[in-house]
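All remarks here apply to the structure that follows.
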Amino acid sequence: MKELNYSKMGMRIRQVRKAKGWSQEELANKCGISMSFLGHIERGTRIMSLETFVSICMALDANADELLWGVAHPSDAVLEMWKAPVKKTEKASSRQDADSYSMYIRIMKSVAEIMNET
């Protein structure tokens, strides 16, 4: 089984955050965590929950594979067929639901890939 390197994952989170021009405080507020905890995540000294990881992925609009492994898999086309179609006339909340579902599928796909490597 491929082992996670939390220091590298934290470094990738920091890189994406800085690329967006956000402070640690801004990202922490968007994710509902303390700035201190985010600092630990970025240094790889604390392990976050799956819920926190999802919040970070969504806030940064980042693919889970990119943050976990530093590799973007071309899985978006496959995910599109699972995503509920959203009509232009539907409310923004429907779009958020579809985006949340898409993020969930991406994370589950990453977990499945990890488990298949054992």
Side-chain angles (χ1 to χ4, degrees):
M1 182 170 168
K2 192 172 182 181
E3 191 170 317
L4 283 173
N5 183 322
Y6 292 98
S7 295
K8 287 183 179 181
M9 183 171 47
M11 178 189 67
R12 288 187 285 270
I13 290 169
R14 179 182 292 121
Q15 287 173 338
V16 175
R17 174 182 59 77
K18 285 186 172 191
K20 291 188 173 290
W22 294 351
S23 67
Q24 279 186 332
E25 183 176 17
E26 287 175 290
L27 180 56
N29 287 337
K30 290 175 187 290
C31 297
I33 60 175
S34 72
M35 192 171 73
S36 172
F37 184 48
L38 179 60
H40 280 288
I41 291 169
E42 288 186 351
R43 289 188 301 279
T45 56
R46 298 261 316 265
I47 298 172
M48 67 189 119
S49 68
L50 181 59
E51 290 82 7
T52 299
F53 180 67
V54 169
S55 294
I56 290 172
C57 287
M58 292 179 72
L60 293 174
D61 193 29
N63 186 306
D65 288 334
E66 293 175 59
L67 297 181
L68 287 170
W69 312 113
V71 177
H73 294 287
S75 57
D76 287 338
V78 174
L79 293 175
E80 287 301 318
M81 71 181 182
W82 290 97
K83 192 189 280 189
V86 178
K87 296 178 184 173
K88 291 182 180 180
T89 57
E90 291 182 1
K91 295 183 179 184
S93 63
S94 295
R95 183 63 162 152
Q96 289 171 340
D97 290 344
D99 290 344
S100 295
Y101 182 73
S102 178
M103 179 62 68
Y104 171 79
I105 295 297
R106 286 182 182 147
I107 291 169
M108 291 299 102
K109 185 174 188 291
S110 295
V111 169
E113 288 174 0
I114 292 166
M115 296 187 77
N116 285 333
E117 291 178 6
T118 57

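Sequence positions, counted from 1, serve as the residue numbers for this chain.
In this view, S36 satisfies the side-chain hydrogen bond (donor to acceptor under 3.5 Å, both in side chains) rule with no residue, not counting sequence neighbours. Every side-chain contact (heavy atoms from CB on, under 4.5 Å) that S55 has, sequence neighbours left out, goes to C31.
Side-chain heavy atoms closer than 4.5 Å link hydrophobic residues (I, L, V, M, F, W, Y) into clusters, and following such links, even through other members, never connects M11 to L4.
Panel note: side chain R43, backbone G39; a donor-acceptor pair is recorded below 3.5 Å.
How far CE of M48 is from CZ of F53: 6.0 Å, rounded to the nearest 0.5 Å. Atom CD1 of I56 and atom CG of L38 lie 6.0 Å apart (nearest 0.5 Å). Taken to the nearest 0.5 Å, the NZ atom of K20 stands 10.0 Å off from the CG atom of L27. To the nearest 0.5 Å, atom OG of residue S23 and atom CG of residue N29 are 7.5 Å apart. Rounding to the nearest 0.5 Å places CG of L67 at 6.5 Å from CG of L60.
Sorted by first and then second residue, the side-chain hydrogen bond (donor to acceptor under 3.5 Å, both in side chains) pairs with a member in residues 5-16 read R14-E42; sequence neighbours excluded.
Residues M35 and Q24 share a closest heavy-atom pair of CG-CB, 3.8 Å.
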Practice task
Evaluate side-chain contact (heavy atoms from CB on, under 4.5 Å) for R46 paired with T52, printing each intermediate quantity in order.
Solution key: CA-CA 12 Å; R46 298 261 316 265; T52 299; over 6 Å; no
